[in-house]
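Within every chain, numbering begins at 1; the chains are lettered A, B, ... in the order of the sequence lines, protein sequences first and strands thereafter. Below, all heavy atoms of this structure are taken into account, side chains as well, without hydrogens, waters or symmetry copies.
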Amino acid sequence: MSLETNAPPAPAPSDFIRELVTQHVAEKRYPKIHTRFPPEPNGYLHIGHAKSICLNFGIAHEFGGVCNLRMDDTNPTKEDIEYVESITTDVNWLIAGWADRCLGLTAAQLPFYASDYFDQLYDYAVALIRQGKAFVCDLSPADMETYRGAPDRPGKDSPFRNRTVEESLDLFTRMKNGEFPDGTRTLRAKIDMSSSNIWLRDPILYRIRHAEHHQTGAKWCLYPMYDFAHCLSDYIEGITHSICTLEFEVHRPLYDWILQNLALPRPLPHQYEFARLSLGYTVMSKRKLMQLVEEKLVTGWDDPRLPTISGLRRRGVTAEALRNFAYHIGITKYNGITDVAVLEHAVREDLNKRALRRLAVLKPIKLVITNFPEDQTEELDAVNNPEDEQAGKRKLPFSRELYIERDDFQEVPPPKFFRLKPGGEVRLKYAYIIKCDEVVKDANGHVIELRCTADLDSKTGGATAGRKVKGTIHWVSVAHAVDVEVRLYDRLFTVAEPDAEGDFKAHLNPHSLEIVTAKCEPSLNDAKPEARYQFERIGYFTLDKDARLSTNNPQLIFNRTITLKDTWAKVVQK
RNA sequence: UGCCCGAUGGUGUAACGGUAGCACAGCAGACUCUGAAUCUGUUUGUCAUGGUUCAAAUCCAUGUCGGGCAACCA
C-alpha cells in the first residue's frame, strides 16, 4: 500500500485565478506559467499555507508550468534555519507524488532564497536612486510616522526628499558599508506622500540592520523590505503569476511601481490575491501558534492538535487528504470561516480507503465465554480492509477470556441500544454470537466481569452464521492482547472562533488530549510508522514518532487521527 | 472622517444576462458481522432599495453589513 498516489483531485478545480491563467495560456502571453510559494522562515507552515501551496503548485501542475519554493528571508532578526528546514520538509511532503516535478530547483528539492538576490537587489536600488526615484532619508522612526500622515490625512514630504542623487548614492553606499547604526537612515522610493494608498507614500525600500543572517551571515547590514524584495525576486525568477493573500491587495500598486520604474527587459510578473483560510475551532496566526508553543500549552510545533502541517502529519492526516481538502474549499476573495467538518470529512474519506482494520479495546472490561474451553485458542480470519480486497486478510486469536469495550455493555440500556446487555445477544466481530448470562460486580457494585455463552455454530461458515443479531462489537483476546499507549486527541479549542474576542487561550479545550492504555490484537506488534489503521468502531490511528519500535521493548504509541462518525453518540445525547 | 476589497442555504463554493447547482453539515430511510462505509430521499439561499432589460445572483446607482490598509514585519 502506498501512502501517496499520483491521482490528482478530479476534475481539475476552477476559480477566478485559474480562469485568468487559462486566459493567459490561450493568449500565449507567457512561454510558460511560473508560480511560487514564498514563506518567510519565521515559523512553521500551517494548513492555511497548505491551501496556498496547493494553489500555486496546483496551477503549475495543471498548466505544465513550474512553481518555486522561495524563502522570503529579508528580515534576519525574525528568522531561523530551523524554520527553513521544517518548511522545506513540509512542502516536499505535501507535493510528493503529485506536483513534485513542478518544483523549481528539483535536484536536491532545495528552496530558492530571496537572500540569493541581495546583490542584484542592491543594484536595482542604486538604479532607482540614479533615476531620482529613490532617496536616502535621515528621518527617525518616530518622525517617519508623523510625516506619513494617516489613511484619511495626507503625509508630508521628507526634508531629505530633494537630496541630490550623488548625496543619496554616497549615503546608500555608506549604509551598506556599515557606517551608520540601525534606525538612522533608510532608502525610500520617491512616489507620492499625498496618495490615498499609504503604501505609495514614499515607502521604505531598505533599512539598516546590523544582524547575522541565517543564509548570508555577516555580509550585509542593509536589508531590503518585503515590497522591494518580493516583486524583484519574482522578476528575477521569471515568475508570471505572483499569488498572495488579500491583505497585500493594497501593496499591488507598489509592486507594479517598482517593476515599472526599473526599465526591466523581460515581461513583468503580476500579483493576484485570494482569501486566506480560516478554520473553525483553531487558530492560524503564526503569532498565536508561537505563543502556544512557547508557553508550552502544546508539546511543540508538531503537536498533533495544532493545525500546522507537521502537526497534522504527526496526527496521521495524509498529504492526499490535505490536498483534497484544499480542492474542496475553493479559492475566492471572500473571507469566511471554513467548517472543520470539511477537513474532517476529507480526512475520513481518505483514511477509509487506505486504513487497515484492526481490533483494539480502549477502555476494557473482561468477558468470559463460559462454554469455550479454557486452554483453547482459535485462529479466526479477519479482513484487513473491506474497501480494498488487495489488502488481504490476517489471523485473529480467539480464546475463552476477552476484553470488550466498557461502553459496549449497559446493565440498564437506553432504548435502541444494540450492544450487550443482561440476557441480550450480540455478535463478536469475526467470531461468535454471544449471550450475556451473568454480570459480576465488586464490593462497590462496579461491573468487573461479564459471563457469556457463545453460539458455537454462529462463526462465519457455521450453521447459524446467518442469524441476525442487531449489534456487532469488537474484542481482544486477553491472553494475546498487546498493551499500547493511545493518545486521544480532540479539538484544541472549545469554541468555533477562539480568536473572535478576548484571550484565545481562555477557550483552550482542557480535554484536548486523553491518554489511555489500550488492549490491541497482536498483529499490531508489527505496526508500521507510515501505515494508517482503523481500530474498528473507534477511529483512525497511526503510530506516533515517539513510538519505540525496537523488538525488545516495543512501546507502541498510537495517535488518534480522528474518530469514526458516531451516529449513536448523537442519539444518546438527545 | 480617506482608500481598497467583498457579500449566493447553517458552512464553503458554482452559475460569466436565460431552469439557482455542488460539497460539507442536518434530517429521514435502505443496507450492514464496524450504529462506519455505501445507497436513496429531503429541509434551508441570491444583503437591501431603486434602475436598465423580454429576462438580473450576474449590469448600473444608492445604502447596509463585513474584511483590509497608517512596522525601519511579511
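Picking from B:rA74, B:rC3, B:rG35 the nucleotide with the shortest atom distance to the side chain of A:Ser196 gives B:rC3. If you check B:rA71, B:rA74, B:rU34 against the side chain of A:Lys78, the one that comes closest is B:rA71. Which of B:rU34, B:rA25, B:rG35 sits closest to the side chain of A:Asp566 comes down to B:rG35. Closest approach to the A:Met144 side chain among B:rA74, B:rC33, B:rC72 is made by B:rC72 (side chain taken as heavy atoms from C-beta onward). When the nucleotides B:rA23, B:rC16, B:rU13 are ranked by their closest atom to the side chain of A:Glu19, B:rC16 comes out on top. Comparing atom distances between the A:Glu145 side chain and each of B:rG6, B:rA71, B:rC69 picks out B:rA71 as nearest. Closest contact between the side chain of A:Lys570 and the listed nucleotides B:rG26, B:rC33, B:rG68 involves B:rG26. Distance from the side chain of A:Phe418 is smallest to B:rG35 among B:rG12, B:rU34, B:rG35. Listed nucleotides: B:rC72, B:rA23, B:rU34. Nearest to the side chain of A:Arg537: B:rU34.
Both distances falling under 3.5 Å, in either a Watson-Crick or a G-U wobble arrangement, occur for no nucleotide opposite B:rA36. Nucleotide B:rA23 has B:rU11 as its partner under the Watson-Crick or G-U criteria, with both atom distances under 3.5 Å.
No hydrogens or angles were tested; on distance alone, a donor-acceptor pair under 3.5 Å links the side chain of A:Thr460 to the base of B:rC33.
Look at CG on A:Asp339: it is 13 Å from P on B:rG10, rounded to the nearest Å. At whole-Å resolution of the value, CG in A:Asp182 and P in B:rC73 are 10 Å apart.
More than 12 heavy-atom neighbours from other residues, nucleotides or ligands sit within 6.0 angstrom of CD on A:Gln23.
Between A:Met175 and A:Arg185, the shortest heavy-atom contact is CE-O, 3.8 Å.
Residue A:Lys565 has a polar side-chain atom (N or O) positioned under 4.0 Å from OP1 or OP2 of B:rA25.
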